Every structure is written in structure tokens, then in C-alpha cells.
Amino acid sequence: MPRGYATTRLGQIHYHREGQGLPLLLLGASGRSARMFVPLASLLADDFDVIFPDTPGFGNSDPLPAGTEIEHLAAAFIEFLDALGIGQVDLYGHHSGNKIATAMAVRYPTRIRRLILIGQSHSLIPDQTKRNGTILGIVRDYVEPRSGETAALADWAATWQRMTAIWWDRALVATGAPVEAREAARLLALDQLQIGGTAALYGANFRYDLGADLPRITRPTLVIEIATPEEDRSIGRQGPAAQALIPGATLDTIHEAEGFTLTLENRAPDLADRIRRWLLP
């Protein structure tokens, strides 16, 4: 799997590239690097030239500069495509990546052929105030700064706790830790050591008005909502509201179990089929 770096206004962006065919750019979730796409990219490589970068602030890309906005990230990824000599791409944005993808599609429409925006229900809430309040309840420990002499030690301990929870996940152990589950856990644990940009990216996410940009999308768009029983009870389905704002958009739904927190590494074949059906003629 070829890897490389491209220089942008936000520093060097590290990327993986696999396959051949239509260029497909995969933008990931906050807290994750390109590793989250390893299973998916392999399944798409027969049909697409799959490019999956580490968002600045994560993985092996440069740190995310203070004050970075979603619009800055959109511009940086256009520069990233320029550096790779790629004109137009199909674009997939997952969770925080769906905000960057939306901003790219609105501000650089000629560079995007078709668009996929995917996320759990909370990630698709169009109303900025409601979305921010909901997301803050999920990521508070990542974005609220600690103070005092013990702050660094507390952050250090929190990282170890998250890694331990990943490594000794009850479901993984109960199923005998099959090789696919172990590999997904290993990649997730590695990402925990490289999440320096989480607070900065969520800050940009909170300041970005997704609902204002969705009606400005002019490219063919597929919205995929990851629905869980917990979010069905707490906030309800948000995919239809996002779809209604995007002219001509299509809605698809993936149903996941209670307590779902992954980024679909657990169902890469299903996700690859949905992507292929939307993007291929």
C-alpha cells in the first residue's frame, strides 16, 4: 500500500493510496487516522484509486494549527489533491470528515464528482446549537481543557484508560478475540497515541454551521445515517432532516446495535457495497 506526504497550508498531510480507477478521497472521523479505512480501502481498490489521508492533527500528519476552521481544512485538502495531480474526485466524509467534505463540495464544486456524507445521528444534526450540545455531551473529556499542576498527568492517565478499554474490550474477549477484531482494536489503540488534534478539530466542528452549507451543495449526494437504539431514543433520526436540505439528495440507513462506537470497520464489506452502488455507473 503506497504512502506519502503532500504539503499544504496546514503543513504536511500523510496519506495512504491503494487501487486504480476513479479517484476516491476518504476523510475520517475525529480521533482517528487513515487506519480506520484500511479494511474498507482494500475492498474498494478494484474499482477506485482510493486515497485516505490522516487529517491534520492526527496520525502522521502535522499538528493542527490553533484557530483552524473547517473551511481551512477544506482548502488544505484541495491543495492536497493538487499536490497529487488529481483534478476531480468522489468524496466520502465520515463524522467530522462529513463537515470537511460538505465545505469542500460547497466551495470547490468542480473538484467533486459525487459526495457521500456519513455519520451517526448526532453527527448529522443540521441545527448548529442542537448538534453542538449533543456532541459536547459525547466528547466533553476530549475538548474541555484541564487546569492545574496535575492536568498533564490526568490526560496521560485518561489515554491509558482508553487504550486498556480498547485492548480488553468485553465483546472482543467474549468472542475469543478473532483476528479481524484484534486488528481493528490494534489500529484503534495506535490512533489513541496520536490524537493531539482532537480538541482543535472539535472546536472547528463546533464553529461550523453545517445546516447553512447543506442547501448549497450542488453535487449528487448520498447521506448515510448510522442509526442506534440509544440515539433513536435521545435525539431521533437526523438523516431525513439533512437529506431534505440538500437538493436531490438520497438517504441510506445503517442500523447498529446499542452502544455502537466504532467507525464501521466492523462491517466494511457492507459499507463498500453501498459506496460502490452510489459511485459506479
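Note that the coordinates shown come from a computational prediction; the quantities given were computed from them, not determined experimentally.
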### Query
In Å, rounded to the nearest 0.5 Å, how long is the span from CG of Leu81 to CE of Met104?
5.0 Å

### Message
Go through it in stages, so that I can follow the logic: the residues are Glu180 and Glu265, the test is side-chain contact (heavy atoms from CB on, under 4.5 Å), and I'd like the CA-CA distance, side-chain angles, deciding distance and then a yes or no.
### Response
CA-CA 9 Å; Glu180 296 85 357; Glu265 294 98 323; over 6 Å; no

#### Entry: Step-by-step side-chain contact (heavy atoms from CB on, under 4.5 Å) determination, Leu271 to Ile118
CA-CA 10 Å; Leu271 182 56; Ile118 182 169; 3.9 Å; yes

### Message
Counting C-beta onward and ignoring hydrogens, is there a side-chain heavy-atom pair between Glu230 and Gln120 closer than 4.5 Å?
### Response
no

### Query
Within a strict 4.5 Å, meaning less than it, do heavy atoms of the Thr7 and Gln12 side chains meet?
yes

### Message
Could you check whether any side-chain N or O of Thr164 sits under 3.5 Å from a backbone N or O of Trp160, counting only pairs where one atom can act as donor and the other as acceptor?
### Response
yes

### Query
Do any N or O atoms from the side chain of Asn132 and from the backbone of Phe206 form a donor-acceptor pair under 3.5 angstrom?
yes

#### Entry: Side chain to side chain, Ser61 and Ile13, heavy atoms closer than 4.5 Å
yes

### Query
When the ring planes of Tyr92 and Phe37 are compared, do they come out parallel, tilted or perpendicular, using 30° and 60° as the limits?
perpendicular

#### Entry: Worked verdict on Leu22 versus Arg113 for side-chain contact (heavy atoms from CB on, under 4.5 Å)
CA-CA 10 Å; Leu22 293 169; Arg113 192 184 74 96; 3.8 Å; yes

### Query
Checking Arg207 side chain against Ile70 main chain: does a donor-acceptor pair fall under 3.5 Å?
no

### Task
Spell out, as yes or no, whether a donor-acceptor pair under 3.5 Å connects the side chain of Asn205 to the backbone of Ser96.
no

### Query
Do any N or O atoms from the side chain of Gln88 and from the backbone of Thr110 form a donor-acceptor pair under 3.5 angstrom?
yes

### Message
Between Pro269 and Leu43, is there a side-chain heavy-atom distance shorter than 4.5 Å?
### Response
yes

### Message
Whether the Tyr208 and Asp213 side chains hold a donor-acceptor pair (N or O, under 3.5 Å, no angle test) is what I'd like checked.
### Response
yes

### Shortest non-hydrogen separation from Ala268 to Leu40 and the atoms involved
O-CD1, 3.9 Å

### Task
For Thr55 and Phe58, indicate whether the former's side chain and the latter's backbone hold a donor-acceptor pair under 3.5 Å.
no

## Note on the structure
Tightest non-hydrogen contact, residues Leu172 and Ala185, listed as CD1-CB, 3.8 Å

#### Entry: Criterion side-chain contact (heavy atoms from CB on, under 4.5 Å) against Leu214, the qualifying member of Thr221, Thr102, Val106, Asp209
Thr102

### Task
For Ile166 and Gln192, work out which heavy atoms get closest and say how close.
CD1-CG, 3.6 Å

### Query
Should His255 and Asp232 count as side-chain neighbours, where that means a heavy-atom distance under 4.5 Å?
no

#### Entry: Within-4.5 Å side-chain heavy-atom neighbours: Ser123 and Leu117
no

### Task
Answer yes or no: is there an ion pair linking Arg111 with Asp82, defined by an N-O contact shorter than 4.0 Å?
yes

### Query
Going through the checks in order, is the side-chain contact (heavy atoms from CB on, under 4.5 Å) test met by Leu279 and Asp47?
CA-CA 10 Å; Leu279 296 181; Asp47 299 301; over 6 Å; no

### Message
Out of the candidates Ile116, Asp90, Leu91, only one should pair with Leu24 under the side-chain contact (heavy atoms from CB on, under 4.5 Å) rule; please name it.
### Response
Asp90

### Task
Look at the side chain of Glu18 and the backbone N and O of Val50, then say whether any donor-acceptor pair between them is shorter than 3.5 Å.
no

### Message
Assess, by modelled atom type and distance only, whether the side chains of Asn266 and Glu256 contain a donor and an acceptor separated by less than 3.5 Å.
### Response
yes

### Any donor-acceptor N/O pair, Arg114 side chain to Trp278 backbone, under 3.5 Å
yes

### Query
Aromatic rings His14 and His16: how do their planes relate, parallel, tilted or perpendicular, breaks at 30° and 60°?
perpendicular

### Message
I'd like to know if the side chain of Glu71 reaches the main chain of Ala103, judged simply by a donor and an acceptor atom lying under 3.5 Å from each other, with no hydrogens or angles considered.
### Response
no

### Query
Within a reach of under 6.0 Å around CD of Glu69, are more than 12 heavy atoms found that belong to other residues, nucleotides or ligands?
yes

### Summary
Looking only at heavy atoms, the pair that brings Pro215 and Gly211 closest together is CD-O, 3.1 Å

### Query
Which value, rounded to the nearest 0.5 Å, describes the distance between Asp270 atom CG and Ile275 atom CD1?
10.0 Å

#### Entry: Ionic contact status for Asp127 with Lys130, cut-off 4.0 Å
no

### Query
Between the main-chain N or O of His95 and the side-chain N or O of Asn98, is there a donor-acceptor pair closer than 3.5 Å?
yes

